[in-house]
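Heads up, the thing below is written out as structure tokens.
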Number of protein chains: 2
Amino acid sequence: MAEKPMATIDQMLCFAVYSAGHAFTRFYKPRLEALGLTYPQYLVFLVLWERDDISVKTLGERLFLDSGTITPLIKRLEARGLVTRRRDEDDERQVRIRLTAEGKALKAKAESVPLAAMKGTGLSDEAADALRHELLALRERLDVAL
Amino acid sequence: MAEKPMATIDQMLCFAVYSAGHAFTRFYKPRLEALGLTYPQYLVFLVLWERDDISVKTLGERLFLDSGTITPLIKRLEARGLVTRRRDEDDERQVRIRLTAEGKALKAKAESVPLAAMKGTGLSDEAADALRHELLALRERLDVAL
DNA sequence: TAAAATTATATTGCACGCAATTTAATTGTG
DNA sequence: CACAATTAAATTGCGTGCAATATAATTTTA
């Protein structure tokens, strides 16, 4: 009896996503070194530069991460003087995260990063957009499916 | 003077890849629970089921992971009796990883996983293939770019 | 062939990522 | 209002990922 043909990892979409994600992280690493940021930390700043003074929960929803990941990450940024953490006065359950002057100043230093990343992908704006939309739809369906 | 328009994370391809990767891992988790495997461990078995008795290096090249990740992962699998580790007789630098009977037996239990994953993506075989190829090409270009 | 360079793996240290649990604050309900 | 349920963060524990370093084996080369 013939064995069922086994899918190799190279034929699996999940592995393509998984390894492309790692490749992105590796790609960003030297580009973020001047900022002293890891890739997840950089994502946090992208959110905060866009909208400052948000709660841990809001940040988590934006990044699809939970407090178990975000709390220690933010504490490291706080220890370096890049953000502050303060309990919300109206709802003491919430902790609001704010950029310090130094945290805001990082934005200028990070200006060249997105363009470098786009060049690294070797994709046109249109191709990158198309791929991005497919991945967002994929994430959505995976989330719904559980 | 107007501020330069800042890219939000939702407009960035890297974040789409990053979050889709996490979504996949979350999706797999309950499906792999019966096997007692994490997602990276499952990837290791996919490689070993395809070709048994390979070195740490070969496995690492296949998964784009280094010994710092693979060695402890394999040791956990070894501790559970799913694989063995043995120095290659011809080249004592190498450590060859082999499936135990129990490790081989897992393959049957894992049979339903790939189909469930495909269904979770909501994609046709063709659409998944197309997306996969784009991601493989992307990974390749990111690796080349550094 | 002895010394230098390279290669394969392991180890250490640090930063995620997430499940499970805990604590404290707020909201909902009788 | 009291008390249960919910919510927001933090904490704990475990498993990745990866840089940097260490160690041992092999290969290169002077």
Side-chain angles (χ1 to χ4, degrees), chain A residues 15 18-30 32-33 35-44 54-80 82-83 85-97 139 143 146, chain B residues 15 18-30 32-33 35-44 54-80 82 85-97 143 146:
Chain A
F15 180 67
Y18 170 86
S19 57
H22 290 163
F24 252 129
T25 301
R26 282 192 293 269
F27 178 87
Y28 271 104
K29 192 170 206 309
L32 294 175
E33 218 140 65
L35 310 180
L37 298 180
T38 64
Y39 177 65
Q41 288 169 359
Y42 173 62
L43 292 179
V44 166
I54 60 176
S55 68
V56 168
K57 176 172 176 56
T58 300
L59 181 57
E61 285 172 349
R62 211 82 166 66
L63 299 176
F64 299 91
L65 299 173
D66 69 5
S67 70
T69 300
I70 291 182
T71 296
L73 189 159
I74 294 296
K75 282 189 171 181
R76 282 188 283 273
L77 297 180
E78 184 189 32
R80 289 173 49 196
L82 299 174
V83 304
R85 292 160 65 250
R86 192 162 58 174
R87 289 279 164 187
D88 187 300
E89 292 193 351
D90 296 334
D91 185 342
E92 294 259 339
R93 290 172 304 181
Q94 295 183 29
V95 167
R96 305 195 76 80
I97 306 161
R139 179 185 68 206
D143 281 346
L146 247 195
Chain B
F15 180 67
Y18 171 85
S19 57
H22 290 164
F24 252 129
T25 300
R26 282 193 293 267
F27 177 87
Y28 271 105
K29 192 170 207 309
L32 294 175
E33 218 140 65
L35 310 181
L37 298 180
T38 64
Y39 177 66
Q41 288 169 357
Y42 173 62
L43 292 179
V44 166
I54 59 176
S55 68
V56 169
K57 176 173 175 55
T58 301
L59 181 57
E61 285 172 350
R62 210 83 166 65
L63 299 177
F64 298 91
L65 298 173
D66 69 5
S67 70
T69 300
I70 291 183
T71 296
L73 188 160
I74 295 296
K75 282 190 171 181
R76 282 189 281 273
L77 298 179
E78 185 189 31
R80 288 173 49 197
L82 300 173
R85 291 159 67 248
R86 192 163 58 172
R87 290 279 166 186
D88 187 298
E89 291 192 352
D90 296 334
D91 185 344
E92 295 259 337
R93 291 172 304 182
Q94 294 182 32
V95 168
R96 305 195 76 81
I97 307 161
D143 280 347
L146 244 195

For the side chain of [X], starting at C-beta, report the closest nucleotide among [options].
X: A:Q41; options: C:dT9, C:dA15, D:dA25; result: C:dA15
X: A:L65; options: C:dT9, D:dT16, C:dG17; result: C:dG17
X: B:T71; options: C:dT11, C:dC18, D:dT16; result: C:dT11
X: A:V95; options: D:dA25, C:dC18, D:dA10; result: D:dA10
X: B:Q94; options: C:dA8, D:dT26, D:dA9; result: C:dA8
X: A:R93; options: C:dG17, D:dA9, D:dT6; result: D:dT6
X: B:R26; options: D:dA9, C:dC18, C:dA25; result: C:dC18

Note to self: Just N and O in the side chain of A:K75: are any of them under 4.0 Å from OP1 or OP2 of D:dA10?
What the structure shows: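 A:K75 to D:dA10 OP1/OP2: no side-chain N or O under 4.0 Å.
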Note to self: Check this one for me: any side-chain N or O of A:S55 less than 4.0 Å away from OP1 or OP2 of D:dA8?
What the structure shows: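 So the side-chain polar atoms of A:S55 never come under 4.0 Å of the phosphate oxygens OP1 or OP2 of D:dA8.
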What is the distance, rounded to the nearest whole Å, between atom [atom1] of [X] and atom [atom2] of [N]?
X: A:E92; N: D:dA9; atom1: CD; atom2: C1'; answer: 13 Å
X: A:L77; N: C:dC16; atom1: CG; atom2: C1'; answer: 12 Å
X: A:D91; N: D:dA9; atom1: CG; atom2: P; answer: 8 Å
X: B:R86; N: D:dA25; atom1: CZ; atom2: C1'; answer: 18 Å
X: A:K29; N: C:dC16; atom1: NZ; atom2: P; answer: 11 Å
X: A:L37; N: D:dC18; atom1: CG; atom2: C1'; answer: 17 Å
X: B:L59; N: D:dT16; atom1: CG; atom2: P; answer: 12 Å
X: A:K57; N: C:dA24; atom1: NZ; atom2: P; answer: 21 Å

Next item on the list: Please determine if B:E92 and B:R87 form a salt bridge, counting it only when a charged side-chain N lies under 4.0 Å from a carboxylate O.
Entry: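 The answer is no: the pair does not qualify as a salt bridge.
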Check: Is the ring centre of B:F24 less than 6.0 Å from the ring centre of B:Y39?
Finding: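 No, the ring of B:F24 stays outside the 6.0 Å limit from the ring of B:Y39, centre to centre.
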Notebook entry, point to check: Would B:F64 and A:Y18 count as a close aromatic pair, with their ring centres under 6.0 Å?
Noted result: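 No, ring centres 6.0 Å or more apart.
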Next item on the list: Look at the side chain of B:S67 against the base of C:dA10 and say whether a donor-acceptor pair falls under 3.5 Å; ignore hydrogens and angles.
Entry: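 Yes, the side chain and the base share a sub-3.5 Å donor-acceptor pair.
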Base, sugar-phosphate alone, or nothing: which one does [X] contact when heavy atoms must sit under 4.0 Å apart?
X: A:R85; value: sugar-phosphate
X: A:T25; value: nothing
X: A:D66; value: base
X: B:I70; value: nothing
X: B:D90; value: sugar-phosphate

Check: Are the side chain of B:Q41 and the backbone of B:T38 linked by a donor-acceptor contact shorter than 3.5 Å?
Finding: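 Between the backbone of B:T38 and the side chain of B:Q41 there is a qualifying donor-acceptor contact (under 3.5 Å).
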Note to self: Tell me if a side-chain donor or acceptor on B:S19 pairs with a main-chain N or O of B:F15 at a distance below 3.5 Å.
What the structure shows: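 It does hold such a pair.
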Check: With distance as the sole criterion, is a donor-acceptor pair present between the side chains of B:R96 and B:S55 under 3.5 Å?
Finding: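 Their side chains do not contain a donor-acceptor pair, so the 3.5 Å distance test is not met.
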